[in-house]
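Working notes for the structure below.
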Amino acid sequence: MVTTTAYAIAAQVPDPELPQLTLEDLGILRGVDVDGDTVTATITPTYSGCPAMREISEDLTHRLRRAGYRDVRVRQQLTPAWTSDWITEPGRAKLTAAGIAPPHAAPTRSGRVPLTLTSRARIACPYCGSQQTTQTAQFSGTACKALHRCSACHEPFESVKAI
């Protein structure tokens, strides 16, 4: 017997690389369709080749089956490509609460690459809010995050890259 809607179950699945965020918070859950006994969850990877997609698919399948849905399918939708702008406001707040700086707005999708002579926008420290931060490494524990250090409170922190 199914006790909860398929979407509600899928929306609460945590991301394996950012477990403080759900698939809904991260914006990768595109939809859940129920057709008779078949449930199809559609997800979009944060970038092509994301190693977490297999784990996410298995977790979605497991949780939906445990809720009583027998025929579960997970499909990946690559277009439109995911953008960090899809991270919800609650998701951004959860990142900050976990000491991870949420991304700035993503670059324009017009097809043109903007050329600017100014430096990149600084990443605010999720601990003290200071803009006096320095990127110390292009990559962190995952390819979608970078490492920083705050000059004000001296804390190291990660940031999710704007895509």
Has the side chain of Ser130 got a donor or acceptor atom that lies under 3.5 Å from a matching backbone atom of Gln132? yes

Polar side-chain atom of Thr38 near backbone of Val34 as donor-acceptor pair, under 3.5 Å: no

Does the side-chain contact (heavy atoms from CB on, under 4.5 Å) test come out yes or no for Val39 and Asp71, once each step is laid out? CA-CA 6 Å; Val39 175; Asp71 184 13; over 6 Å; no

Give the cluster check for Ile28 versus Leu18: same hydrophobic cluster or not, with ILVMFWY residues linked at side-chain heavy-atom distances below 4.5 Å. yes

Look at the side-chain heavy atoms of Ile, Leu, Val, Met, Phe, Trp and Tyr, link any pair under 4.5 Å apart, and say whether Tyr127 and Leu147 land in one connected group. no

Quick one: OG1 on Thr88 to CG on Leu21, what's the gap to the nearest 0.5 Å? 7.5 Å

Stepwise side-chain contact (heavy atoms from CB on, under 4.5 Å) check, Ser57 with Ile43: CA-CA 9 Å; Ser57 296; Ile43 54 177; 3.9 Å; yes

Let me confirm one number: the CZ-CG distance from Arg63 to Leu23, rounded to the nearest 0.5 Å. 8.5 Å

Please examine the side chains of Leu95 and Pro126, heavy atoms only from C-beta on, and report whether any two atoms are closer than 4.5 Å. no

Evaluate the side-chain proximity of Thr133 to Ser151: yes if any heavy-atom separation is below 4.5 Å, no if none is. no

Is the shortest side-chain heavy-atom distance between Thr42 and Val32 below 4.5 Å? no

Quick check for you: to the nearest 0.5 Å, what is the distance between Arg70 atom CZ and Leu64 atom CG? 13.5 Å

I need the Leu29 CG to Leu60 CG distance, nearest 0.5 Å. 7.0 Å

His104 and Asp85 have their tightest heavy-atom pair at O-OD1, 4.3 Å

Atom of Gln77, atom of Pro45 and distance for their closest heavy-atom approach: O-CD, 4.0 Å

Which heavy-atom pair separates Ser84 from Ala162 by the least distance, and what is that distance? OG-CA, 3.2 Å

Do Ile123 and Gln135 pass the side-chain contact (heavy atoms from CB on, under 4.5 Å) test, and can you show the C-alpha distance, the side-chain angles, and the key distance before you say yes or no? CA-CA 8 Å; Ile123 304 293; Gln135 182 174 307; over 6 Å; no

Between His148 and Phe157, how do the two ring planes meet: parallel, tilted or perpendicular, split at 30° and 60°? parallel

Can you confirm whether Lys161 sits close enough to Cys144 that some side-chain heavy atom of one is under 4.5 Å from a side-chain heavy atom of the other? no

Is it true that the side chains of Thr22 and Asp25 contain a donor and an acceptor less than 3.5 Å apart? yes

Which pair of non-hydrogen atoms, one from Cys150 and one from Cys153, has the smallest distance, and what is that distance? SG-N, 3.4 Å

What are the two closest non-hydrogen atoms of Ala143 and Tyr47, and how far apart are they? CB-OH, 3.8 Å

Taking every heavy atom of Ile56 against every heavy atom of Asp15, the minimum-distance pair comes out as CD1-OD1, 3.7 Å

Give, for atom CH2 of Trp82 and atom CD1 of Ile87, the distance between the pair rounded to the nearest 0.5 Å. 4.5 Å

Within this structure, what is the NE2-CD1 distance for the pair His62 and Ile9, rounded to the nearest 0.5 Å? 11.5 Å

Heavy atoms, side chains only, cut-off 4.5 Å: are Arg149 and Glu155 in contact? no

Within a 6.0 Å radius of atom CZ on Arg65, are there more than 12 heavy atoms belonging to other residues, nucleotides or ligands? yes

Do Val160 and Pro103 touch side chain to side chain, with heavy atoms closer than 4.5 Å? yes

Please tell me whether Arg30 and Thr44 have a donor and an acceptor in their side chains that are separated by less than 3.5 angstrom. yes

